[in-house]
Amino acid sequence: MTTVLIAIAALLGLAALFGAVLGYASEKFKVEGDPIVEQIDALLPQTQCGQCGHPGCRPYAEAIAEGEEHNRCPPGGDTTVEALADLLGREVLPLDNEGAEDASVERVAYIREDECIGCTKCIQACPVDAIVGAAKQMHTVIADECTGCDLCVDPCPVDCIDMIERPVTLATWTWDRPAGIGRRPEQRIEVVNL
Amino acid sequence: MSANPSLLQRLLPGTRRAPVHDFPGGVHPAEHKTVSNQTPITPGPRPAQLVLPLNMHLGAPARPVVAVGDQILKGQMLAEPTGAVSAALHAPTSGTVVALGPRPIQHPSGMDALCIVLAPDGEDRWAERRPVADHTRLGPGKLIALLRDAGVAGLGGAGFPTSVKVSLGDHQRVEQLIINAVECEPYITADDRLMRERADEILLGVQILQYLLNPHDTLIGIEDNKPEAIAALRAACAGSDVEIRVVPTKYPSGGEKQLIQLLTGKEVPSGSIPAQCGVVCQNVGTAWAVKRAVHDGEPLLSRITTVTGDAVARPGNYEVWLGTPVADLLHHAGVDKDRLGRLVMGGPMMGFTLHDPSVPVVKTSNCVIAASAEELPEPPPEQACIRCGACAEVCPANLLPQQLYWYAKTDDFERAQHHNLMDCIECGACAYVCPSHIPLVQYYRYAKGEIRTQTAEQIKADRARERFEARQARLEREQAEKEARRRARLEANRKKQEAAADSAPGAGDDKLAALKKEVGQASSAYKAAVKAAKTAEAQEADNAAELRARADSLKAEADRAKAALRDAKAAAPAQPAAAPAESSALADLKKAVGEASSAYKAAVKAAKNAEAEQSDDAAELRARADQLKAEADRLKAELREAKAAQGPAAAPAAPAPPKQDGDTPDSKTTVDKAAVDDDAAAKRQKRLKALKTAYNMAHKQYKEAHAAVERAERAGQDSDEALAAMHAKVEKLKAKADHCRDALDALVEQAKADILAHTGKDLKTLKLDAARAESALRDKADELERRRDTSDADTLETLNSELDALQEHAQLTRLALKTAVEEQGLVEE
Amino acid sequence: MSLINAPSPHTSRHTDTGAVMRQVVYATLPGLAVLVWQFGLGSLLNVLWAVLVALTCEALFLRARGKPVAFYLKDWSAVVTAVLLGLALPSTAPWWLTLIGVGFAIVVAKQLYGGLGMNPFNPAMIGYVLLLISFPVAMTQWVAPGDAPAPADSLALFLGQTPADAFTGATPLDTFRTWAGDAEALAGRDILAGRLAGPGWEAVNLAFLLGGLYLLARRIITWQIPVAFLAGLALPALIAHQVDAARFAGPLFHLFSGGAMLGAFFIATDPVSAATSRLGRFIYALLIGLLIWVIRTFGGYPDAVAFAVLLLNLAAPFIDYYTQPRAYGHRKANKGANP
Ligand code: SF4
Ligand code: SF4
């Protein structure tokens with residue numbers, strides 16, 4: 001009987017001790033993280049397109065922090081949903097993009113400048129001030145700043161804004177992923193001019 | 001790491017031979033060097049076209065300074081360097097520029113880039129050369145500029161502009177200048193032959209580099225598999241302070257970092273450049289090019305390229321003009337098309353396969369391998385990694401390639417980076433030994449590319465966030481300002497009214513205001529009544545008829561009020577209304593000036609602080625401060641002008657309002673009204689046309705004269721007096737053109753002012769109105785479309801009528817715009 | 001004309017995983033020969049049977065997983081697993097024992113983990129331990145060395161019949177364990193009276209050592225694992241032997257008894273389940289050796305290569321975690337797999 005009691009006492013003692021140590025450690029080595037909204041905002045693509053139903057990425061981050069679904073960001077795609085689920089410890093939900101365009105292709109707005117009437121409406125619509133131009137002067141898009149949100153397309157009274165795919169340049173080109181196990185890494189190329 | 005050898009040498013002056021260190025890993029691939037190093041260097045082909053990419057070097061592409069059709073002499077600059085890291089481009093022979101456009105270039109992607117295409121004329125006529133016999137006379141600054149203008153870039157691998165590498169920062173000391181003569185890749189023998197045949201020239205180049213860098217030691221690192229080259233260099237360097245260090249043959253001892261480790265025992269810290277540990281590395285070929293550029297005045301026009309492989313009949317080293325298409329080079333070396341299986345530019349370990357043999361030889365092309373299918377066979381399929389560790393054994397950077405592979409394959413880039421993926425030099429040693437034939441380097445390149453893209457995206461996202469937030473803040477501020485201004489205006493009006501009420505002449509104003517209020521009240525009462533009536537009708541209420549009647553009577557009342565107001569307006573002098581607007585614009589301007597100058601002051605302060613702390617961005621801040629100052633000055637000038645203009649500006653506006661007497665303030669009437677001025681408009685249009693022609697002519701004359709003067713100056717044949725006379729003439733023509741331009745501008749301005757006067761709106765507003773009306777119309781149409789299925793008949797009815805109204809409005813605005821423009825003779829070309 | 005478009009490097013050492021694995025199989029041949037010479041044909045039969053079973057299981061499972069069968073069989077890894085397990089089994093093992101062991105090794109310990117390169121444990125040792133725990137009697141029956149059964153008897157044993165004489169005898173390790181501490185009794189045992197260790201067993205171990213040296217010479221394996229393994233086993237044995245020679249066997253005895261050489265050169269060197277870096281491998285093998293000595297000396301089983309290897313397989317990621325090499329240009333080595 002005493003052995004049992006001693007065993008129980010020992011276990012309890014150990015439990016108390018470890019509990020105390022863990023508690024102390026969690027206080028002492030607490031990770032000072034960004035507030036959750038910052039962290040969420042950092043994962044969102046900052047396209048500011050409003051497709052999530054919020055005026056910009058940060059408001060959506062706030063909404064997520066308050067419990068809104070984390071799968072409403074079409075430009076972020078599934079990767080963002082996964083990252084958010086990971087951060088928030090929520091389930092990975094299928095992307096809720098309501099048939100929006102494929103987010104994997106990067107797009108950029110392009111103004112057909114000879115058709116532009118200089119109405120400044122697109123300037124007002126652009127969430128990141130990526131369109132320059134003054135009233136009655138033609139406008140143009142700063143391609144580097146454009147997030148491809150296409151918010152400027154609708155307001156244009158003369159429909160002179162197109163969303164075009166961002167072309168690959170020598171600067172943005174990257175090597176392909178190798179084909180994988182069981183495949184040869186090379187292809188054949190036809191050469192005619194030799 | 002063992003002790004720094006230069007330190008050791010300093011301590012023990014007798015020991016001149018410092019030990020050669022070692023680097024981890026490395027492989028010993030079959031060399032195949034004798035295929036091409038048995039014959040002397042011979043001239044390359046003389047192709048029908050030279051294709052010269054603007055980015056032969058690392059850094060910003062050069063900017064063309066020639067046009068299609070230009071006749072070019074050998075050595076003439078075709079494109080000038082742009083930005084800090086860039087190199088010039090020259091014509092390798094005389095000929096004609098036949099095209100300037102995209103061509104396939106030396107890039108593993110097989111993509112095109114901008115090239116200058118030169119058709120040689122076969123005469124090989126030199127432009128003027130300016131050899132510098134004694135480079136010490138020139139001084140470092142001019143020497144560096146000379147190298148930059150001569151287009152000298154690293155001939156070894158990356159093509160880094162030499163002028164940048166030899167420009168030292170203020171506090172930079174070079175302990176070792178290392179000349180890389182290792183040439184560790186199999187097959188390549190270009191440097192080997194160069195050293196055997198031109199060791200003297202190389203030494204002269206090295207001495208120029210020594211002069212520029214003033215190193216403590218100068219070391220030439222060379223592999224022990226080139227005994228002839230070692231002997232030649234030894235002979236050339238005898239008596240100089242250049243030391244030749246023979247290193248054992250092992251790939252990749254020619255890698256910059258590995259060679260530094262071999263010769264000095266130092267490691268270049270991760271993420272930095274050799275200069276940071278007191279070492280500058282240059283290729284032997286580059287040293288030779290430096291000598292040619294300085295002592296012979298020849299820019300970099302050609303290079304030694306090894307052509308080798310089983311599929312060429314005459315493998316060897318050729319002195320090839322830059323821009324020579326690989327296809328020409330291969331034909332020159334006797335290529336056997338049927339045997340050719342793989343075409344590699346560069347060495348077999350780090351080179352890339354060519355997609356297209358029309359790719360040109362550029363500054364970095366040290367080798368072209370035309371291999372048969374047996375020589376470099378198709379790689380077998382990738383197998384599973386068995387974690388054998390062979391790759392880790394040979395990695396010169398001491399990485400764990402198998403882990404990197406694992407992380408790259410699973411897209412776990414964070415872990416890959418943690419395992420120092422970015423320190424991989426892509427030497428290919430790991431893939432060379434991998435028994436599972438995993439294209440490891442390809443995995444790393446893929447991962448690196450992906451990481452770079454992600455970083456770029458992250459930066460972009462951050463910037464987008466910043467811009468978004470800045471915009472948000474700006475919108476809020478603007479809103480607040482608008483509100484404040486509105487309130488101020490209200491206040492001012494009230495005050496004025498009070499003042500006007502006090503003084504007799506102001507009574508009219510007071511009455512006007514009262515009338516306006518009345519009109520407003522009446523019309524809103526009417527609208528409310530109409531609405532009530534409509535609802536009642538919809539509900540088939542009894543009192544609908546009654547309500548209608550009431551609405552009608554209210555309308556009559558409102559009309560009456562409006563008429564009264566109109567009369568009152570006609571009676572009242574319109575001028576006072578203009579003044580507040582004017583002065584509020586002035587106030588805005590003043591405020592802007594204030595803001596700008598305080599921003600400028602803040603910027604100056606920040607710049608000063610930065611300078612005091614010697615932080616890097618001081619220069620940037622300064623520049624920004626200057627910019628702000630310019631802005632502030634501009635605003636001030638504007639303010640001054642506005643102030644000056646205020647008096648007179650009010651005057652021309654004054655006559656306009658009376659013309660509007662009796663008109664309803666409806667844009668439709670402008671059209672009728674404007675007809676009165678038909679005559680004047682026609683006149684103005686005529687004058688406008690005349691002025692335009694005059695201006696055009698004057699301008700053309702001026703341009704021609706200017707060009708003539710310039711030509712004369714360049715030719716330098718005319719006497720000074722003649723030139724002066726020509727200059728005077730040019731000036732006169734310019735003045736005339738300017739005068740015309742001014743007159744024209746004034747006329748246009750006047751026309752615009754007239755539009756403003758006629759319609760109460762300036763051209764800008766008119767255009768805006770038109771666009772706005774248009775889009776409101778579109779929105780409405782959209783709404784109608786959307787609601788068509790869901791809404792009841794009544795809403796649709798209202799929507800329809802609203803749409804009609806909008807349509808009318810849009811038409812009117814468009815018409816107004818058109819008329820306004822036409823009648824003022826401002827028809828846009 | 002069509003040219004090859006391939007990423008660099010464009011040349012390779014022309015080694016091949018299949019070739020590497022084949023070399024391993026060849027290197028086991030001297031050991032196998034000595035086993036047959038000392039213990040009868042049973043070992044050879046078992047090895048051949050194991051290879052057959054392994055290839056069949058591998059092929060079936062690759063089919064089931066929808067992978068190209070021929071492509072994966074060419075890597076010879078299943079053959080190596082089978083050969084090693086076949087060599088580790090007693091020469092008297094009946095066919096079903098081998099079938100169970102090899103089947104489990106290939107199907108569960110390898111394919112279910114995702115095939116070659118993905119298995120955290122050495123498959124051969126998993127199979128061995130499964131058998132050892134499930135059929136302890138069959139797994140510890142060894143013939144007395146030099147007293148090899150006739151081929152017909154070996155075949156009978158392999159087919160599961162018990163022939164007229166019982167061939168079983170204790171191994172040297174067993175014997176030493178039983179009589180440890182009793183110097184006189186130990187001295188009287190023939191089975192312990194070899195030059196290096198027990199007769200017969202020392203020959204087997206020498207043969208595996210020979211094969212191992214071949215692998216080292218061919219650079220199929222690196223020195224770290226065998227050297228550390230043997231050092232980890234010999235050093236504590238040496239120290240303990242100095243303290244009490246009657247209770248603790250000497251280093252030579254340990255090195256040339258049981259599966260020591262097979263373990264050091266063929267089993268612990270399995271790259272897939274070992275630690276990765278050079279230092280990591282050294283520590284890994286050192287600990288295996290040490291553990292073997294501990295289990296042999298204090299544990300309940302006479303030999304311990306399988307247990308020690310599996311335990312250290314378990315620890316390999318942890319060892320990797322702390323033994324990454326210092327990369328060029330970095331002051332310190334990384335620790336851990338996470339940023
Ligand atoms: S050499 Fe190949 S198989 Fe071996 S560990 Fe490296 S990647 Fe894996
Ligand atoms: S390619 Fe990278 S990982 Fe492979 S051996 Fe070279 S440096 Fe190491």
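Protein chains get the first letters and strands the later ones, always in sequence-line order, with residue 1 at the start of each.
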**OP:** Name the option with the most non-hydrogen atom pairs under 4.5 Å to chain A; the candidates are B/Gly449, B/Pro357, B/Pro325, B/Ala327.
**Re:** B/Pro357
**OP:** Measure B/Lys409 against the heavy atoms of chain A and call it side chain, backbone, both or neither at under 4.5 Å.
**Re:** both
Subject >> Whether A/Thr169 side chain and A/Thr172 backbone form a donor-acceptor pair below 3.5 Å >> reply: yes
Original post:
By a 4.5 Å heavy-atom criterion (distance strictly below it), what part of B/Arg471 contacts chain A: side chain, backbone, both, or neither?
Top reply: both
Original post:
With only heavy atoms counted, which part of B/Asp411 is less than 4.5 Å from chain A, the side chain, the backbone, both or neither?
Top reply: both
Original post:
Tell me the ring-ring contact (aromatic ring centres under 6.0 Å, His included) pairs involving residues 57-82 of chain A, sequence neighbours left out?
Top reply: A/His54-A/Tyr60
Original post:
Side chain, backbone, both or neither: which part of B/Leu340 has a heavy atom under 4.5 Å from chain A?
Top reply: side chain
Original post:
Taking 4.0 angstrom as the limit, do A/Asp162 and A/Arg112 come out as a salt bridge?
Top reply: yes
**OP:** With a 4.5 Å cut-off on heavy-atom pairs, point out which of B/Glu450, B/Glu466, B/Lys460 contacts chain A the most.
**Re:** B/Lys460
Subject >> Heavy-atom contact with chain A under 4.5 Å, split by part of B/Gln383 >> reply: backbone
Subject >> Contacting moiety of B/Leu475, where chain A heavy atoms sit under 4.5 Å >> reply: neither
Subject >> chain A contact via B/Ser109 - which portion, at a heavy-atom distance below 4.5 Å >> reply: both
Original post:
For chain A, which of B/Lys448, B/Glu457, B/Arg474 has the most heavy-atom pairs under 4.5 Å?
Top reply: B/Arg474
**OP:** Output the distance between atom CD (B/Glu382) and atom OH (B/Tyr443), rounded to the nearest 0.5 Å.
**Re:** 3.5 Å
**OP:** Pick one of side chain, backbone, both or neither for B/Glu469, based on which atoms fall under 4.5 Å of a heavy atom in chain A.
**Re:** side chain
Original post:
Is it true that A/Asp129 and B/Arg467 make a salt bridge, defined as a side-chain N closer than 4.0 Å to a carboxylate O?
Top reply: no
Subject >> Minimum heavy-atom distance between B/Leu376 and B/Ile369, given as atom pair plus value >> reply: CD1-CG2, 4.5 Å
Original post:
CD of B/Glu478: more than 12 outside heavy atoms within 6.0 angstrom?
Top reply: yes
**OP:** Identify which part of B/His355 has an atom lying under 4.5 Å from any heavy atom of chain A, answering side chain, backbone, both or neither.
**Re:** both
Original post:
Which heavy atom of A/Asp144 sits nearest a heavy atom of B/Arg463, and at what distance?
Top reply: O-NH2, 3.4 Å
Original post:
Which region of B/Ala470, side chain (C-beta onward) or backbone (N, CA, C, O), has a non-hydrogen atom less than 4.5 Å from a non-hydrogen atom of chain A, or is it both or neither?
Top reply: neither
Original post:
With a 4.5 angstrom heavy-atom cut-off, which part of A/Asp41 approaches chain B: side chain, backbone, both or neither?
Top reply: both
Original post:
Could you state the interatomic distance from CD1 (A/Ile40) to OG1 (A/Thr80), rounded to the nearest 0.5 Å?
Top reply: 12.5 Å
Subject >> B/Arg452 versus chain A, the contacting section by heavy-atom distance below 4.5 Å >> reply: neither
**OP:** Could you grab the distance from atom OH of B/Tyr432 to atom CG of B/Leu440, nearest 0.5 Å is fine?
**Re:** 14.5 Å
Subject >> Region of A/Val168 that comes under 4.5 Å of a non-hydrogen atom in chain B >> reply: both
Original post:
With a 4.5 angstrom heavy-atom cut-off, which part of A/Pro127 approaches chain B: side chain, backbone, both or neither?
Top reply: both
Subject >> Interface moiety of B/Pro108 toward chain A, non-hydrogen atoms closer than 4.5 Å >> reply: both
Original post:
Between A/Leu84 and A/Leu44, which heavy-atom pair has the shortest distance, and what is it?
Top reply: CD1-CD2, 4.1 Å
Original post:
Looking at A/Ala130, A/Gly56, A/Cys126, which has the largest count of heavy-atom pairs under 4.5 Å with chain B?
Top reply: A/Cys126
Original post:
Rounded to the nearest 0.5 Å, how far apart are CZ of B/Arg465 and OG1 of A/Thr147?
Top reply: 12.5 Å
**OP:** Go through A/Leu170, A/Thr47, A/Thr174 and name the one with the most non-hydrogen pairs under 4.5 angstrom from chain B.
**Re:** A/Leu170
